[in-house]
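Just so it is clear: chains get the letters A, B, ... in the order the sequence lines come, proteins before strands, and each one is counted from 1.
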Amino acid sequence: MPAPAHSTAATTGAGRSSSTSLAPERLQAVPVRHWGRLIAAAGAAAGLAGLVGSLARNANLHWEVIGHYLFAGLIFNGLVTTLWLTVAAMVLGLSLGTLIAVLRLSANPVLNALAALFVWVFRGTPLLVQIIFWAYAAALYKQVMIGIPFTHVTFLRIDTNSVLTPSVAALLALGLNEAAYASEIVRAGIQSVDPGQSEAAHSLGMTPALTMRRIVLPQAMKVIIPPMGNETINMLKTTAYVSVIAAHDLMSNIQDVYAQTYQVIPMLVVASLWYLALTTLLSVPQARLERRYGRGTARATRTSPLRRMFTGMTGVTGTTGKDT
Amino acid sequence: MSVPMVHAQGVRKQFGRLEVLKGIDLTVERGQVCCLLGPSGSGKSTFLRCINHLEKVDEGQLAVDGELVGYRRQGSRLHELREKEVAARRRDIGMVFQRFNLFPHLTALENVAESPVRVAGVNRADARIRAGRLLGRVGLADRADHYPAQLSGGQQQRVAIARALAMEPKLMLFDEPTSALDPELVGDVLDVMRDLAADGMTMVVVTHETGFAREVGDTVVFMDEGVVVEAGEPRQVLLSPRHERTQAFLSKVL
Ligand SMILES: Nc1ncnc2c1ncn2[C@@H]1O[C@H](COP(=O)(O)OP(=O)(O)O)[C@@H](O)[C@H]1O
Ligand SMILES: [Mg+2]
């Protein structure tokens, strides 16, 4: 037995120094106790309990109002609008964004510049301005016409006000704005794929379009999905902005209620509970998609969605730093 | 006399100011194996990529099986082909890359079956059966469901060869197919290529494996600084090179 082991045993004075036999000792690993952490955690837990307790007993919070409106029909209708708006805006944003990304990477300088211009405008102006703009676009053009520019040839002519309802304006504003951000995410994804992949595809006789669809985009997905998941969760919350044009989303209806009842805080709690529930739900499909497109890589993400909710999403890319 | 499989005449290629190919003349007859040797940066890869139009030729003519690559001749004019037409011509030319370039999101079998299904319009079930057979031919029948990341370099390269063969090409291009492999894995890949040559495939092989060139090659071409320095019988070029530059290069490689 090495000497130092004996000497430490002796100095700790655990009464084990008598074990002079050469039989192998049973060693138990004792992890370092982080007393500081334990105390901090206990303190934080106590603080949280106190806060919850005081909220629960605070009559100004009006739990009965929260209970009454949490499952009210009006709120439910708003929820449905918020959900379809989120889904539709993301579908519009992702498809248009993919198209713009492809244009930005194309060799055609005109298409290239147009795509860059789109991103510049829609990313460079506040979303709130864009929402109000679309709601009032009828003031700019009374009618929408589809025809050949600078001629009198017209294929279609409609009243702007009849098409541009608050819901449509909301969808346009959210979708076009999202397209600008999504295009940058998709572009980064496409550029992350090794050019050798396209060369291999081309050498097999695949056209550029087929190569993009079957070879490049599926691989780009791995890079695209985590930030797009964040974008979706962001979008769900961002829909609240369309309450400024009364688009009948969750937030619009919440505001309608407290405008009449003055129960502002309880109604905001109702809104927050629903937004929280929905964002939590949304992180489930995100995790699934990440696993699906992680195929072929050694490590597929296996963190639970709940865990990710609390640890701040996946590590591939951070938030897009979107200012709304 | 039949039309040669590859016929290059005065092929020039520039990247900006850098002239990489300075007038390459080269002919590969049907069923022959042509091995390209030369120091790094001499333009071997660029020439190979010109053959299937991954790079555009600036000057000169390059024909595969009698058809100009990337152009259609009308009178004295050369019209550049559309993307689709170029893609159609590339079907007949298989290419194997130094770094394999397998599709990482597809299994070995899917890698092989992808272009027959998507490009040639073979039905999925038939394509999978044929892909399985091709994997068997390169000794990887039991790896069909593995993703590239689960295969060794040598196995990946053999899948890549099977993938190229799936389009039933009449010409195969190899760009240093064994240079990225651990030494003990080189043999398996060379064996597959040897079998392919024995089956009568026309091949252009960029390689530093002089043993392979001598054994399998019908001609050996030595390139340096964008020109063909010496070409001929493998024994003659490799064992008694006429040019100083060839001698200097071979003394380093061997
Ligand atoms: N796409 C490109 N753009 C600019 N230079 C290139 C490109 N591809 C190759 N080159 C240059 O052309 C020369 C020949 O390259 P390459 O054909 O790869 O040589 P080899 O395969 O014989 O090593 C090198 O100097 C290389 O840097
Ligand atoms: Mg090379």
Notebook entry, point to check: Relative to chain B, which of A:Gly196, A:Ala209, A:Pro218 shows the most heavy atom pairs under 4.5 Å?
Noted result: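 With the most close heavy-atom pairs to chain B, the winner is A:Gly196.
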
As an exercise, state the distance from [atom1] of [X] to [atom2] of [Y], rounded to the nearest 0.5 Å.
X        : Y        : atom1 : atom2 : value
B:Leu106 : A:Arg214 : CG    : CZ    : 7.0 Å
A:Thr211 : B:Phe103 : OG1   : CZ    : 7.5 Å
B:Asn111 : A:Leu204 : CG    : CG    : 9.0 Å

Does atom [atom1] ([X]) have a neighbourhood of more than 12 heavy atoms from anything else shown, all under 6.0 Å?
X        : atom1 : answer
A:Trp120 : CH2   : no
B:Glu59  : CD    : no
A:Tyr141 : OH    : no
B:Arg194 : CZ    : yes

So for [X], is it side chain, backbone, both, or neither that comes closer than 4.5 Å to the heavy atoms of chain A?
X        : result
B:Leu102 : backbone
B:Leu54  : side chain
B:Phe97  : side chain
B:Arg49  : side chain

Next item on the list: Check whether A:Leu210 gets within reach of chain B through its side chain, its backbone, both or neither, counting any heavy atom under 4.5 Å.
Entry: side chain

Checklist line | Contact origin within A:Ala201 toward chain B - heavy atom pairs under 4.5 Å | finding: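 Both parts, heavy atoms under 4.5 Å.
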
Note to self: Is there a side-chain contact between B:Met95 and A:His202 in this structure, where contact means two heavy atoms from C-beta onward sitting under 4.5 Å apart?
What the structure shows: no

Checklist line | Minimum-distance pair of heavy atoms, taken over all atoms of A:Ser203 and B:Asn52 | finding: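 For A:Ser203 and B:Asn52, the tightest heavy-atom pair comes out as CB-ND2, 3.8 Å.
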
Margin query: Which heavy atom of A:Thr207 sits nearest to which heavy atom of B:Ala87, and what is that distance?
Written below: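 A:Thr207 and B:Ala87 have their closest heavy atoms at CG2-CB, 4.0 Å.
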
Notebook entry, point to check: So which of B:Glu83, B:His105, B:Arg89 has the largest heavy-atom pair count under 4.5 angstrom toward chain A?
Noted result: B:His105

